[in-house]
Trainee: 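After the structure tokens below, expect a handful of questions from me.
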Amino acid sequence: AGAKDDSYSVLDLGEFTKNRPWWRKIFAPNSGSSAEKYNVATQLVIGGVTGWCTGFIFQKVGKLAATAVGGGFFLLQIANHTGYIKVDWNQVQQDVNKAKQQLKFHSSGNKIPPEVKSRADEVIIFLKKNVILTGGFAGGFLLGMAS
């Protein structure tokens, strides 16, 4: 009987992932795109189902948020007209003008910070590598919003 020479190398995942953010652990560039792992039908189904779920939840949360904001505004108007609260409209106008000035100051530069640009570049690269999955997600999201 021949003796096998089984030698194994040990990979310490703790050291490998110590200095990596969580999104790089999941969507690492060397993990390959979904186009390399799954066929087109599987990618469309995965993208469509996750998109539909996201769109459906987004729709329900959006309706709830709109109801809460509208109801709160309605209650504040009732409280204002009945005299329970008094609004200092001069102070409101001053705060709005101050906010407008700050927005004009911040938007005059139109420079994107490098952190945002690098993250946006990573997202674009991911979307380009997984265009079928992204298309399925977008279609599913729209169907989820409509249902």
Trainee: Hydrophobic clusters here meaning ILVMFWY residues chained together by side-chain heavy-atom distances under 4.5 Å, can you tell me if Trp89 and Ile85 are in one?
Mentor: no
Trainee: Considering only distance and modelled atom types, tabulate donor-acceptor pairs under 3.5 Å from the side chains of residues 55-70, sequence neighbours left out.
Mentor:
{"from": "Gln59", "atom 1": "NE2", "to": "Met145", "atom 2": "O", "distance (Å)": "3.3"}
{"from": "Gln59", "atom 1": "NE2", "to": "Ser147", "atom 2": "O", "distance (Å)": "2.9"}
{"from": "Thr67", "atom 1": "OG1", "to": "Lys63", "atom 2": "O", "distance (Å)": "2.8"}

Trainee: Linking I/L/V/M/F/W/Y whenever their side-chain heavy atoms sit closer than 4.5 Å, directly or via other members, would Val131 and Val40 fall into one cluster?
Mentor: yes
Trainee: Cluster question for you: counting only ILVMFWY and a side-chain heavy-atom cut-off of under 4.5 Å, with indirect links fine, are Val49 and Trp52 together?
Mentor: no
Trainee: When Ile, Leu, Val, Met, Phe, Trp and Tyr are grouped by side-chain heavy atoms lying under 4.5 Å apart, directly or through other members, which residues fall in the same group as Phe74?
Mentor: Ile78
Trainee: Measure the spacing between CD1 of Ile132 and OG1 of Thr42 and express it to the nearest 0.5 Å.
Mentor: 10.5 Å
Trainee: Using the side chain to side chain contact (heavy atoms under 4.5 Å, CB included) rule, take Lys98 and Gln94 through it: C-alpha gap first, then chi angles, then the decisive distance, then the call.
Mentor: CA-CA 6 Å; Lys98 191 185 304 181; Gln94 289 175 1; over 6 Å; no
Trainee: How close do Leu133 and Gln43 get, heavy atom to heavy atom, and via which atoms?
Mentor: CD1-O, 3.4 Å
Trainee: Output yes when a side-chain donor or acceptor of Asn97 lies under 3.5 Å from a complementary backbone atom of Gln93, and no otherwise.
Mentor: yes
